[in-house]
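Predicted, not measured: the structure shown is a model, and the values here were computed from it. We name chains A, B, ... by the order of the sequence lines, and we start the count at 1 in each one.
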Amino acid sequence: MQEPSPEVIRAAAAGDLGAFEDLVRAYQPHVWRFLRHLLADERLAEDVTQETFLRVHRSLRTFGFRSKFSTWLFRIARNAGIDALRARQRRDVAMRVLPVPRPVADGSASVELTAALASLSTKLREAFVLVEVFGLTYREAGEALGVPQGTVKSRVFTARARLVTWMVAGEERTGDV
Amino acid sequence: MTCDQAQSRLSAAFDGELPAAEAERAAAHATGCQRCTAFSTQLPTLRRALRYEVVEHVPDVAPAVLATIADQRRGRPWHAWRSTRALPLHSANAGWRSAPVAAAFVAAVVAGALFVGVNPRQPVTVTAATLPERVVAAQTRLRTLSATVTVVERGWHPRVPLRRYSGQLRYGAPESLALDLRDATNYPGGRWVPNDVTVVADGDRSWSRGPVPCPSSPQPACAPARPRLDALQGREPFAEAAPVPLDLVLPVRSFTLAANPPLLGSRRIDGRAAVGVRTTVAQVQPLLDGLRQVGNWRQLYPADPVELWLDDAALVPLALRVRPAADADRDWWAARHGYRDAAGSTILAVDLRHVAVNEPLGAGAFPPTPDGAEARDAGFEAAAGSAGIARPRWVPQSMRPHRAGVVTGGGTDIAVATYSDGRAWIKVRATREWSGRRLFGDLGPLVREVTLAGAGTAYVAEGGRRVALHAAAVDVEVTGSLPAGVLRRVAGSLGVSGRPVPDNWAQAATATVRQARLAVPRLLLPTDLDGFGRPAIRSRHGAVSMAYTGAGARGFLLSQVRGPRLSPPLEPDVRGVRVRGVAGRYTPLPGELEWVEADCVIGLRSQTLSLAELLVIAESLAPA
């Protein structure tokens with residue numbers, strides 16, 4: 001993922017709405033994709049994407065270039081996403097963990113895969129998505145999530161192991177047909 | 001090592017997070033372990049499926065976020081986000097809901113490699129079905145315009161990543177205009193010449209001032225500190241040699257012949273209702289050229305996407321954003337020019353604010369030529385009654401005579417008569433002294449022959465923007481900002497009868513589709529082509545060329561000649577391309593796609609369309 005130029009970040013932090021709009025447009029696909037995986041809800045992901053950028057706008061001045069902009073952005077998106085999940089849980093106490101979807105042999109495997117991903121716990125999912133989908137290093141993902149590097153490593157592995165098991169099961173089923 | 005331990009290491013190694021020695025040990029274990037091998041072979045499959053997933057609809061939250069921030073700045077009360085949401089995103093507000101159309105496009109552009117091969121299907125577009133017609137129609141309503149202009153230009157020079165300008169734009173119908181931009185950039189050293197530019201045209205005089213042209217790479221050394229002042233008097237009305245950047249106040253050229261553009265939505269800009277469309281640099285080239293007529297500016301790639309926001313009532317431009325296109329040819333182009341444009345960044349932003357339409361302009365809106373400027377004489381002399389060589393008996397009812405007279409010099413006297421209504425204009429140029437072996441007027445060799453009711457044969461070029469008549473004792477050219485049908489009707493009312501051009505003229509090989517098919521029996525024509533005028537066809541020596549003109553600077557040339565193979569490439573940069581099921585080649589520098597099909601060498605050439613667009617046209621070709 002491309003990092004914005006410091007010039008753009010500084011301009012946006014200084015109140016240049018044009019520069020900020022550039023940031024929003026450049027990064028909203030990534031933020032939305034991340035949140036869609038994290039929240040497993042496209043509409044909520046859209047709302048939280050909006051909220052993420054409002055938070056980014058409020059705290060841009062505090063961005064000190066100590067980490068990558070994308071890492072910092074994912075941290076804000078992740079926190080906004082977790083807040084939204086908690087809010088939803090409070091609203092809907094009856095909400096239960098989604099059942100593990102069964103692999104389907106035909107057609108749109110990615111839809112199924114997305115659903116399988118959604119069945120993982122939030123903790124596993126957020127670490128795995130940052131690394132697998134967005135290519136963050138373990139250190140960067142740790143920074144974004146506020147956990148040690150080793151934790152990222154083990155969460156990514158656990159998520160991967162489950163999804164691979166699920167994929168292999170899908171292939172075996174396909175083989176039967 | 002247990003299987004779990006090995007798999008954990010394989011996982012980390014796959015992410016590039018394991019020292020090489022450890023990665024090798026894990027791999028060694030995996031070779032002897034069926035479960036580990038299975039795990040390891042699935043890892044790339046999983047990553048591909050997730051990282052390169054097809055994302056067809058990415059929402060655009062930018063308008064809502066910016067509106068919220070603007071509200072906050074205006075001091076409206078707002079609360080922590082958990083208690084109120086900024087905007088009801090999923091309400092029935094059609095304006096916001098149409099935004100994702102643009103966003104899906106932006107995402108594909110922005111994400112670049114991340115979204116490899118995305119959007120196999122066209123996103124469902126909300127089209128601004130009537131927008132091109134509305135822009136063309138709005139020109140008769142525009143009398144004056146005044147606005148402040150701000151421009152942000154990124155990537156001009158590696159040491160000057162960002163330049164900012166602010167200034168004024170004033171316009172008085174039909175062809176008085178003043179653009180003044182001050183360069184507010186903080187340059188790194190003292191030797192840089194600020195890109196302060198002024199362009200003024202009023203009546204028969206015009207002048208401009210700006211730094212001496214010099215490409216960006218040798219800057220700052222190459223530009224003399226003194227700006228260059230050019231002044232003109234005796235300027236022909238709507239002179240093409242000294243054009244007034246009229247598309248800057250209303251982008252008529254960009255929307256004449258245009259296909260319906262994808263709509264970005266509507267929003268308010270500086271208190272004015274605005275409608276946004278997605279277009280390209282090539283389409284809004286006349287507007288961008290008008291802005292950058294003088295001075296040193298960065299170049300833009302013709303296929304770069306442009307977001308253009310027009311005033312919903314007057315259709316004057318309010319905001320424009322240019323972003324780099326995401327394709328390999330664009331990267332190649334950028335490398336050649338030394339540009340390093342970040343994906344998704346805005347490389348040019350133009351904003352008009354404090355817009356006033358049809359309000360009286362203050363005195364001195366069009367400053368006089370500065371003292372000391374030596375004005376070059378362009379040879380036009382006003383003479384109201386003298387343009388009688390070929391005077392139209394018909395012009396649209398609301399049009400009034402504008403400037404008329406004679407251009408002398410250059411060996412040929414040319415009578416000029418013009419008519420205008422607001423920003424709309426028509427010009428008739430006529431001469432009795434034409435001796436060129438081509439049509440009078442700037443039509444080029446590729447023209448289309450048309451028959452005018454009661455006025456014989458005429459030739460049109462540029463999709464109908466130019467009409468020429470070659471008659472017994474007079475040669476005439478009709479141009480203007482109005483649709484092709486209007487210009488042809490004006491040409492038909494001149495009282496002269498057009499004749500076919502002589503055999504030794506450049507346009508003598510002009511052909512119809514039927515004639516072209518004699519040269520190339522299996523002649524291919526584009527089907528479902530939207531946004532281009534009817535082609536100008538030339539058939540000569542067994543080769544058929546067809547020129548298609550579109551909106552702004554868009555256009556392409558389709559050539560077909562019988563032959564078994566492609567000629568050797570002329571340029572070093574040539575790429576193999578799959579086209580219509582066969583191996584073809586693409587040469588980026590002239591922008592030419594070529595292939596052989598049914599013993600015919602076919603070429604599609606364009607300076608303004610991307611390879612992707614040429615391929616779409618190529619796929620649409622079918623025998624006539």
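How far CZ of A:Arg10 is from CG of B:Leu162: 12.0 Å, rounded to the nearest 0.5 Å. Here CZ of B:Arg321 is found 7.5 Å from CG of A:Asp22. Values are rounded to the nearest 0.5 Å.
Scanning both residues, B:Phe14 and A:Arg160, for their nearest heavy atoms gives CD2-NH2, 3.6 Å. What you find for A:Ala26 and B:Gly344 is that their closest heavy atoms are CB-O, 4.4 Å. Scanning both residues, A:Gln28 and B:Ala62, for their nearest heavy atoms gives OE1-N, 3.6 Å.
For residues 150-158 of chain A, the interface with chain B (any heavy-atom pair closer than 4.5 Å) comprises A:Lys153, A:Val156, A:Phe157, sorted by residue number. Identified by a heavy-atom distance below 4.5 Å to chain A, the contributing residues of residues 4-12 of chain B are B:Asp4, B:Gln7, B:Ser8, B:Ser11, B:Ala12, in residue-number order. Contact residues of residues 137-145 of chain A toward chain B are A:Thr137, A:Tyr138 (heavy-atom distance under 4.5 Å).
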For a side-chain contact (heavy atoms from CB on, under 4.5 Å) check, start with the C-alpha distance between B:Val61 and A:Glu51, then their side-chain angles and the critical distance, and finish with the verdict.
CA-CA 9 Å; B:Val61 301; A:Glu51 169 55 22; over 6 Å; no
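For A:Leu17, the parts lying near chain B are the backbone and the side chain together; criterion is any non-hydrogen pair under 4.5 Å. Both the backbone and the side chain of B:Leu46 have a heavy atom closer than 4.5 Å to some heavy atom of chain A. Proximity to chain B (any heavy atom under 4.5 Å) is restricted, for A:Ala11, to the side chain, taken from C-beta onward.
For A:Phe20, the ring pair (Phe, Tyr, Trp, His ring centres under 6.0 Å) partners at least two apart in sequence or on another chain are A:His57.
Residues A:Glu7 and B:Arg154 form no side-chain contact, since every pair of their non-hydrogen atoms from C-beta on lies 4.5 Å or further apart.
Heavy atoms of other residues, nucleotides or ligands lying less than 6.0 angstrom from CZ of A:Arg162 number 12 at most. More than 12 heavy atoms of other residues, nucleotides or ligands shown are found within 6.0 angstrom of CZ on B:Arg353.
With A:Glu132 contributing its side chain and B:Arg47 its backbone, the two residues share a donor-acceptor pair below 3.5 Å. The main-chain N or O of B:Leu66 is never found under 3.5 Å from a side-chain atom of A:Glu21 such that the two would form a donor-acceptor pair.
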